[in-house]
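One structure is given here, and the rest of the page talks about it.
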Amino acid sequence: MRRTAIYARFSTELQNDRSIEDQLHLCTTHAGRHGLDVVTTYFDRARSGASVHGRDGLLEMLQEAKSGAFDVILVESLDRLSRDQEDLAGIWKRLTFAGVELRAVHEGKADQVQIGVRGLLGSLYLTDLANKVRRGMDGVVRDGRHAGGRAYGYRPVAGRPGELQIVDQEATIVRRIFEQYVAGRTPREIAHDLNTDQIAPPRGQRWSASTINGNKSRNYGILLNELYAGRLVWNRVRMLKDPDTGKRISRVNPLEEWKRAEVPHLAIVDAEIFDAAQTRKADRSHAAPHCYRKGKYLLSGLLKCGLCGGGMSVKDRDHGRIRVQCSVRRESGTCDNRRVLYLDEIEASVLSGLKRHLKAPHLLKEFARTYQEERERLVADKRKSRTGLEAKLEKTKRLLERAWFDYEAERLPTELIGARMEELLAEQKQIEAELEAAPEDEKVIGLHPAALSQFETYVRDLEALFGNGINADTEEAAEQIRRLISRVVATPKDKGFDLQVEGRLAELMEAPNLYPNMRIARSGGLMVAEEGLEPPTRGL
């Protein structure tokens, strides 16, 4: 008798858990009638057939099949293994290679035709099911009911799917946020006050400015949620499953595909206040990247907190001296860094450290050597990736040619071979597009011959140039310095602080005349290359 493994699966927790036992009983009975010896069983409960990811039972079975633990795999039907064309074909191909027969109670022994047809039907079933679910959710929204997701200020009505009711305590907080924002307070200040008053946030432990501000492209966030004004919005995003990881990711739908329905009974704030908040948000919205104003200070946007990794921003002035503090601490209170630092002390330490390190020839030579090795490795990886794509393209072309021969010889049905050729053509176009986007072979260019020898000249007056801050004469040089520094991490230590400066060594590859109108610091790898070549230099 042939050794047989049985596999069973059901899709969601909403289905009857006995489905597994029913499938196993059906397969066991079938095995007994056909002289098959059942030696083991595998199953996956509440796992979708749209992907093999997260299917521990299936993956274990496929692994055991390679070791020859059984001769036959028996399932109720082929869609229990997978409803995805690619996955079902891949499973069958691997089982065939391992010498394991795939058999279904209702379809018999699986062959190439069955795999192609069942894979196509399974994929069409999933697409059709998704369309019907979306149609049903669209109807729910038209009826003024909620189609899913949790909204702060509301809770579902028990026993009445899709219906919401206002939570008075949370609604009061929503009104407070809108009123304070329209009155001129910033989201950061509002979040700080809510945390001070120990008010529970929608999720997590602390309120933050992003919770209140939200995401404009997705229309998420307290201030952007139209439900608070009595308008239900649905279909803002769609969920897709990454074929490589099996994880669901969201993509924003075009604005014209969003669905809206009036639900005045769910309004928490007046329409006038909601509209005023949107007007203020529009007035405060950031300009396009090319319109950003230049950094006001030498290290603007580069300072990071050493405890939480958040940014550091200006807190106040002490007799004209600018003081900075961790933004996360100020905004949500979740960071333990209470230290307030003087910006001029940080800038002086950074500039002094840059001078000291740029004057150390042996360090620069070591940086240059390590950078060169890393560049060579990265170029080799890119060449390997491109070679792999070219090989994959050639294989796809061969498969296309073979499929055409099968078509001409009428060895397979027209509808099946046609679908296969369309799939291969699509794959060929995708690979060609990836090759088109892939960078050509790069040349590994060494450091400019004059760069290292002229460093000391370039940095001689570094501290003097910025001793009094940025002005019209040093603005260009300051932008270059900011471009060459990745970030400056300040960590409180006792009564002082430690600085960790990370720079872009790649800028050393450029010509030394970075500053045509000024003798200023010529530095790219001020401290450490971003590619992760060496640990950052500390203690500046």
Side-chain angles (χ1 to χ4, degrees), residues 1-11 19-123 125-126 243-246 392 395-396 398-399 402-403 406 411-413 416-417 419-420 423-424 427:
M1 299 178 68
R2 304 177 68 187
R3 298 169 301 163
T4 302
I6 296 176
Y7 176 77
R9 175 189 66 83
F10 68 89
S11 298
S19 175
I20 293 291
E21 285 67 29
D22 293 342
Q23 292 178 50
L24 294 178
H25 175 74
L26 178 65
C27 291
T28 302
T29 302
H30 178 87
R33 287 200 303 263
H34 292 80
L36 300 175
D37 179 23
V38 178
V39 295
T40 185
T41 60
Y42 303 90
F43 54 84
D44 285 306
R45 299 181 187 274
R47 289 291 183 267
S48 170
S51 172
V52 298
H53 296 282
R55 306 261 302 275
D56 296 338
L58 174 65
L59 297 177
E60 182 184 355
M61 181 182 69
L62 294 178
Q63 189 64 34
E64 292 295 323
K66 294 180 181 179
S67 63
F70 37 80
D71 307 306
V72 179
I73 290 179
L74 182 61
V75 293
E76 177 190 22
S77 60
L78 294 178
D79 60 16
R80 295 302 86 196
L81 288 173
S82 178
R83 292 187 182 274
D84 181 84
Q85 284 179 288
E86 180 184 11
D87 290 342
L88 183 58
I91 292 171
W92 179 77
K93 183 185 295 184
R94 286 161 179 77
L95 292 177
T96 301
F97 179 77
V100 177
E101 177 184 314
L102 177 58
R103 180 184 291 270
V105 172
H106 301 305
E107 292 111 358
K109 180 181 177 180
D111 55 23
Q112 191 171 10
V113 174
Q114 276 194 345
I115 292 297
V117 172
R118 285 296 175 181
L120 176 61
L121 292 176
S123 296
Y125 169 80
L126 290 178
D244 294 324
T245 64
K392 188 176 180 181
K395 179 181 178 181
T396 303
R398 289 196 301 270
L399 291 174
R402 187 182 307 166
D406 288 340
R411 284 193 286 265
L412 289 174
L416 180 61
I417 198 65
R420 176 59 175 161
E423 179 183 343
L424 289 171
E427 184 176 345

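We number each residue from 1, following the sequence as shown. Computed from heavy atoms alone, side chains included, the values below leave out hydrogens, waters and symmetry copies.
Contact annotation: the side chain of M61 never approaches that of L95 to less than 4.5 Å [non-hydrogen atoms, C-beta and beyond].
When all heavy atoms are compared, the tightest approach of Q114 to D111 is N-OD1, 2.8 Å. The shortest heavy-atom contact between I115 and L88 is O-CD2, 3.9 Å. In terms of heavy-atom proximity, C27 sits nearest to V105 at SG-CG2, 4.0 Å. Closest non-hydrogen pair, A98 versus A65, comes out as CB-O, 3.8 Å. In terms of heavy-atom proximity, G57 sits nearest to D44 at N-OD1, 2.8 Å. Taking all atoms of both residues into account, the shortest heavy-atom contact from V38 to A31 is CG2-CB, 3.7 Å.
Interatomic distance, L121 CG to Q85 CD, rounded to the nearest 0.5 Å: 9.0 Å. Note that CG of L74 and CG of L26 are 8.0 Å apart. Values are rounded to the nearest 0.5 Å. Annotation: the span from L24 atom CG to T29 atom OG1 amounts to 10.5 Å, rounded to 0.5 Å. The CG atom of L102 sits 8.5 Å away from atom CD1 of I91, with the distance rounded to the nearest 0.5 Å.
Checked options I73, L78, L36, T4; the residue passing with R103 is L36 (criterion: side-chain contact (heavy atoms from CB on, under 4.5 Å)). A side-chain hydrogen bond (donor to acceptor under 3.5 Å, both in side chains) with Y7 is found for exactly one of R55, R80, E76, Q23, namely R55.
Legend: residues meeting salt bridge (charged side-chain N to carboxylate O under 4.0 Å, His left out) with R2, ordered by chain and number and at least two apart, are E101.
Judged purely by distance below 3.5 Å, without hydrogens or angles, the side chains of D84 and S82 never pair a donor atom with an acceptor atom.
A side chain to side chain donor-acceptor pair (under 3.5 Å) check over residues 56-73, counting only residues at least two apart or in different chains, returns the pairs R3-D71. Every pair tested for side chain to side chain donor-acceptor pair (under 3.5 Å) that includes a residue from residues 32-43 fails, sequence neighbours excluded, so the list is empty.
The cationic group of R45 lies under 6.0 Å from the six-membered ring centre of F43 and within 45° of the ring axis, placing it in a cation-pi geometry.
By the 6.0 Å contact criterion, CZ on R9 is enclosed, its count of non-hydrogen atoms from other residues, nucleotides or ligands being greater than 12.
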